[in-house]
Amino acid sequence: MSEDLSKDFIRQIIDQDILEDSSCQVVTRFPPEPNGFLHLGHAKSICLNFGVAAEKNGITFLRFDDTNPTKENEIFVESIKKDVTWLGFDWGKKLTHASDYFEQFYLAAISLIEKNLAYVDESTPEEIKISRGTLTKPGIDSPFRSRSAQENLDIFKRMRNGEFSDGKMILRAKIDMASPNMNLRDPAIYRIRHYQHQRTADKWCIYPMYDFAHALSDAFEGITYSLCTLEFEDHRPLYNWFVKQVETQHCPRQIEFSRLNLAYSLTSKRKLNDLIEKGVVDGWDDPRLVTISGMKRRGYPASAILDFCKRIGVTKKDNIIEMGVLENCVRKNLGDTSERRMGVLKPLKVTLSNYDEGQVEYLDAQNHPNFPDLGIRKMPFCRELYIESSDFLEDAPRKFFRLKPGGEVRLRYAYIIRCDEVIKNSNGEVIELICSYDVDTKSGTGKSDKKVKGTIHWVSAQHSITSEVRLYDRLFKIPDPANVDDIEASINPHSLEIVEAELESSFAEENAPKVFQLERNGYFCLDNMSEKKSFNRVVTLRDSWAKIEKQALNS
RNA sequence: UGGGGUGUAGCCAAGUGGUAAGGCAACGGGUUUUGAUCCCGUCAUUCGCAGGUUCGAUCCCUGCCACCCCAGCCA
């Protein structure tokens, strides 16, 4: 492994800060709102926040941004903790919640009111919307803007005491209704919500807004680098305004980076939630989603996700990462770590006419071609076998070096066979092949120097285990599902295919691997969530034959 | 048309006043009883465009163009 020579712009800023002041601490935070499950975009943020701190012996808080009780719940809190841990990060004792600071936020709001920097506005939401102006027209002051601090103080306290109903009034920062930055046109600081909060229950009926709570939480925790995505760039002046006006002891610095976009997939909690509610996918952990729990269930190793985050980098550029990058990380990780097995996804029966009925041979099969230390297993070989249907073609193109009528192919770890006869059903579909084997070509014996182009996998029909296997493809037909009106119309109808596969007999053993490669088919894992025994295809192998076929089709 | 950002290959991404890293993809070849893995090689005379400064500009200056974000009592 060569060392990375280049650092992203955030790490460069931090390096520079440390160069200028060696006492400079690195304190970061990962601050999800517990209103959904984490996805790959969060993984990017987690890797950045935890990574940057770890590199400088700093610390990272896991902070739940729970300022909106109507959208949040304990299930999401637990899932987030689980996912962060699974990715391999440890927040130690630094587990906090925005709600831990509700009292401090309240006091900070009081101080703003006392400084005449905040006021209670009793306008309706519609009135506030209109008076805010537009992108090109300045807003106008609210009639409540000039209320005395005394009066504001009194009403705000009564807001807290629950004297008013939801939506009746808000506390606003008094900044500048004519600011070209919309966020500075007297943004809301507190709103009234008579709603059970998952942690503070009914202790509060007023809740702070994101900009206020986030800036102050960062300041209270001594966060030095508050790393967030680009859409908050316009919020930075407001963030800084709160920190300054509340006169916190510590001043955090917000730095923004671009969010992750992965082609043919969705990284938006809201849109994921829609798909789940409509039943388009099975839940947050559907293996077709790039949620952390979905990818985990699919069989993606955490280290592959970490590797992915490292490869995509951190910049301020809009980006769309190709699916291949993620898949490649998964293959790369699994290639060296998973044992090989054989399994036939779409079986085609093969009968060896010259192999004795009732005879069984046990043939040696390597568990990993590159690592002999991983040992061998015995595979039973009989007169009746299954091969992959796609490994036989009646009208084979020139470069197809698998089985065809009259052609020969090697059965991996076994013999070379020749296809003598093709049996079809009344629909003309091939249902069985009658073949003959060449006894001198047994693997490892060196009796024959016969060479064939192709080697295919197989299982003994008598010994194979029928098992459910789930084959996944990308969830969407289009690269940018996030940008279309009708997401459901862009769903790939073939994103999940369930097949009855025939697996080699070793899967009956107690210590059969949970994650493995089915040779020539891809990487698979046992699905821990389904009730019956079922396997997920994690990712296919790279397939240059498929590429050749596709090219032939296009030309 | 206000404000804030971003433009380096098909996709990511370094770089910086001295002649364009790296990864993925693609392509060509080698090894191979997985059309896998692995190995070797090819792949930007040019950095959104146009001017200017300079011996020299992707980098500095000016103008233009394209794309993204912002008008929640969401985060």
Side-chain angles (χ1 to χ4, degrees), chain A residues 2 4-8 31-33 35 65 67-68 70-72 121 123-125 128-130 132-139 166-172 179-185 187-193 206-207 209-211 213-214 228-237 256 258 263 269-270 310-329 331-332 335-336 340 342 366 368-370 399-402 409-414 416 441 443-444 451-457 517-522 540-548:
Chain A
S2 66
D4 286 329
L5 298 168
S6 57
K7 287 185 172 177
D8 59 69
E33 181 187 17
N35 67 343
D65 217 337
T67 55
N68 184 354
T70 64
K71 291 188 170 178
E72 299 151 5
D121 195 329
S123 307
T124 65
I128 287 178
K129 187 182 167 81
I130 290 164
R132 185 153 17 235
T134 70
L135 296 177
T136 49
K137 276 192 232 114
D166 290 9
K168 212 70 185 159
M169 55 189 67
I170 54 171
L171 184 71
R172 300 177 77 176
S179 172
N181 182 344
M182 300 298 289
N183 297 112
L184 265 20
R185 319 244 263 229
I189 302 179
Y190 267 94
R191 75 286 216 185
I192 302 170
R193 289 283 179 278
I206 55 171
Y207 292 94
M209 299 292 289
Y210 163 83
D211 289 295
H214 199 86
C228 64
T229 43
L230 242 31
E231 65 268 28
F232 294 106
E233 222 158 10
D234 287 343
H235 293 239
R236 192 179 346 118
E256 310 85 11
S258 54
K269 268 196 258 184
R270 212 203 81 233
K310 199 160 149 193
R311 287 190 198 205
I312 60 172
V314 179
T315 68
K316 300 186 75 154
K317 278 183 274 207
D318 286 341
N319 59 76
I320 303 171
I321 312 290
E322 290 173 347
M323 221 4 148
V325 180
L326 215 209
E327 292 178 339
N328 198 54
C329 290
R331 287 192 192 104
K332 196 164 178 151
D336 283 351
R340 312 284 120 122
M342 286 204 231
Q366 277 190 290
H368 195 117
N370 305 339
K399 277 162 61 182
F400 183 84
F401 39 86
R402 280 120 87 158
V409 76
R410 172 171 286 285
L411 297 178
R412 186 144 158 91
Y413 298 127
I416 291 175
T441 58
S443 284
K451 287 263 190 285
V452 287
K453 275 270 197 164
T455 299
I456 64 174
H457 60 280
Q517 182 195 105
L518 287 184
E519 293 200 16
R520 306 209 307 134
N521 264 323
T540 61
L541 260 30
R542 282 180 61 190
D543 185 356
S544 53
W545 171 247
K547 215 183 297 175
I548 293 165

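Numbers restart at 1 for each chain; the letters A, B, ... are given by sequence-line order, proteins then strands. Keep in mind the model is a prediction, meaning the values are calculated, not measured.
- Going from the C1' atom of B:U42 to that of B:G48 covers 27 Å, rounded to whole Å.
- Comparing B:A75, B:G35, B:C70 by their closest approach to the side chain of A:Phe401 singles out B:G35.
- In this structure A:Met182 satisfies the side chain to side chain contact (heavy atoms under 4.5 Å, CB included) test together with A:Arg132, A:Leu135, A:Arg185, sequence neighbours excluded.
- Counting non-hydrogen atoms under 4.0 angstrom, A:Lys547 reaches the backbone sugars and phosphates but no base.
- For A:Glu33, counting side-chain heavy atoms from C-beta on, the closest listed nucleotide (B:C74, B:G72, B:C68) is B:C74.
- Candidate nucleotides B:A13, B:C67, B:G35 were compared by shortest atom distance to the side chain of A:Thr315, and B:A13 ranks first.
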| Given the rule in the side-chain contact (heavy atoms from CB on, under 4.5 Å) test, do A:Met209 and A:Ile170 qualify, once you have shown the distances and angles that lead to the verdict? | CA-CA 10 Å; A:Met209 299 292 289; A:Ile170 54 171; over 6 Å; no
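- Close to B:C74, at under 4.0 Å from its OP1 or OP2, lies a side-chain N or O of A:Arg191.
- Here B:G72 is in the syn range [glycosidic angle within 90° of 0].
- Taking atom P on both nucleotides, B:C49 is separated from B:A9 by 10 Å, rounded to a whole Å.
- A donor-acceptor contact under 3.5 Å links the side chain of A:Arg410 to the base of B:U33.
- Nucleic acid contact for A:Ile170: base, since at least one base atom lies under 4.0 Å from a heavy atom of the residue.
- Closest to the A:Met209 side chain, of the nucleotides B:U33, B:A71, B:G72, is B:G72.
- No donor-acceptor pair closer than 3.5 Å links the side chain of A:Thr229 to the backbone N or O of A:Glu231.
- Residue A:Arg412 has its side chain nearest to B:U34 when only B:A75, B:U34, B:A36 are considered.
- Rounded to whole Å, the separation between the C1' atoms of B:G15 and B:U58 comes to 9 Å.
- Not a single donor-acceptor pair under 3.5 Å links the side chain of A:Ser179 to the backbone N or O of A:Leu184.
- Rounded to whole angstrom, the span from the CG atom of A:Asn183 across to the C1' atom of B:A71 amounts to 9 Å.
- Residue-level contact check: A:Thr229 touches neither bases nor backbone, having no heavy atom under 4.0 Å from any strand.
- Within 4.0 Å of A:Gly335, counting heavy atoms only, lies no atom of the nucleic acid at all.
- Using a 4.0 Å heavy-atom criterion, one finds that A:Ser544 contacts the sugar-phosphate atoms exclusively.
- Side chain of A:Asn181 to backbone of A:Asp234: a donor-acceptor contact under 3.5 angstrom is found.
- Distance CG (A:Asp318) to C1' (B:G4): 13 Å, rounded to an integer number of Å.
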| query | Going through the distances and angles, do A:Glu256 and A:Arg236 end up as a salt bridge (charged side-chain N to carboxylate O under 4.0 Å, His left out)? | reply | CA-CA 9 Å; A:Glu256 310 85 11; A:Arg236 192 179 346 118; 2.7 Å; yes
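- A:Glu322 comes within 4.0 angstrom of a base, heavy atoms only.
- Closest contact between the side chain of A:Lys317 and the listed nucleotides B:C12, B:U8, B:U34 involves B:U8.
- Nucleotides B:C67 and B:U8 are separated by 16 Å at their C1' atoms, to the nearest Å.
- Of the listed nucleotides (B:U37, B:C73, B:C70), B:C70 has the atom at the smallest distance from the side chain of A:Asp234.
- Annotation: B:G18 and B:C61 have their P atoms spaced 16 Å apart (nearest Å).
- Stem analysis of RNA chain B (Watson-Crick or G-U pairs, both distances under 3.5 Å, runs of at least three) returns B:2-7 with B:65-70, B:10-12 with B:22-24, B:26-30 with B:38-42, B:48-52 with B:60-64.
- A salt bridge links A:Arg412 with A:Glu519: at least one charged nitrogen is closer than 4.0 Å to a carboxylate oxygen.
- Residue A:Asp543 contributes atom CG, which lies 11 Å from atom P of B:A26 at whole-angstrom precision.
- Distance noted for atom C1' between B:U16 and B:A20: 10 Å (whole Å).
- For the pair A:Ile320 CD1 and B:C68 P, the computed distance is 10 Å after rounding to whole Å.
- Checking B:C73, B:A75, B:C70 against every side-chain atom of A:Arg132, the shortest atom distance belongs to B:C73.
- Nucleic acid contact class of A:Lys399 (heavy atoms, under 4.0 Å, all strands): base.
- Atoms CG (A:Asp8) and P (B:A14) sit 7 Å apart, rounded to a whole Å.
- At whole-Å resolution of the value, NZ in A:Lys332 and P in B:A36 are 16 Å apart.
- Within the nucleic acid shown, A:His235 comes within 4.0 Å of at least one base atom, counting heavy atoms only.
- Comparing A:Pro32 and A:Asn319 by the nucleotide of RNA chain B whose heavy atom lies nearest to each, the residue mapping closer to the 5' end is A:Asn319.
- If you take CD1 of A:Ile548 and C1' of B:A26, they are 14 Å apart, rounded to a whole angstrom.
- In this structure, A:Ser258 contributes its side chain and A:Asp318 its backbone to no donor-acceptor pair below 3.5 Å.
- In the set B:G35, B:C74, B:C12, B:G35 carries the atom at the smallest distance from any side-chain atom of A:Arg520.
- Contact check, A:Arg193 against B:C74: a side-chain N or O comes under 4.0 Å of OP1 or OP2.
- Nucleic acid contact class of A:Thr67 (heavy atoms, under 4.0 Å, all strands): sugar-phosphate only.
- Nucleic acid contact class of A:Ile321 (heavy atoms, under 4.0 Å, all strands): sugar-phosphate only.
- Atom CG of A:Leu135 is separated from atom P of B:C69 by 12 Å (rounded to the nearest Å).
- Heavy atoms of A:Gly139 sit nowhere under 4.0 angstrom from any nucleic acid atom.
- Using atom P as the reference point in both B:C59 and B:G17, the two lie 11 Å apart (nearest Å).
- Using a distance-only test at 3.5 Å, with no hydrogens or angles considered, no donor-acceptor pair links the side chain of A:Arg331 to the main chain of A:Gly522.
- When heavy atoms are screened at a 4.0 angstrom cut-off, A:Asn370 is found touching base atoms of the nucleic acid.
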| said: Please determine whether salt bridge (charged side-chain N to carboxylate O under 4.0 Å, His left out) holds for the pair A:Glu233 and A:Lys316, giving the CA-CA distance in whole Å, both sets of side-chain angles, and the decisive distance to 0.1 Å. | reply: CA-CA 11 Å; A:Glu233 222 158 10; A:Lys316 300 186 75 154; 2.7 Å; yes
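- Contacts of A:Tyr207 with the nucleic acid, taken as non-hydrogen atoms under 4.0 Å apart, are absent.
- Judged by distance alone, with hydrogens and angles left aside, A:Arg542 brings no side-chain donor or acceptor close enough to the base of B:U37 to form a pair under 3.5 Å.
- Side-chain proximity of A:Glu519 to B:U34, B:G2, B:G5: nearest is B:U34.
- Per the stacking criterion (ring centres < 5.5 Å, plane angle < 30°), A:Tyr210 does not stack onto the base of B:A75.
- Look at the C1' atom in both B:U31 and B:U19: the space between them is 39 Å, to the nearest Å.
- A:Lys399 places no side-chain N or O within 3.5 Å of a backbone atom of A:Ile548 that could act as its donor or acceptor partner.
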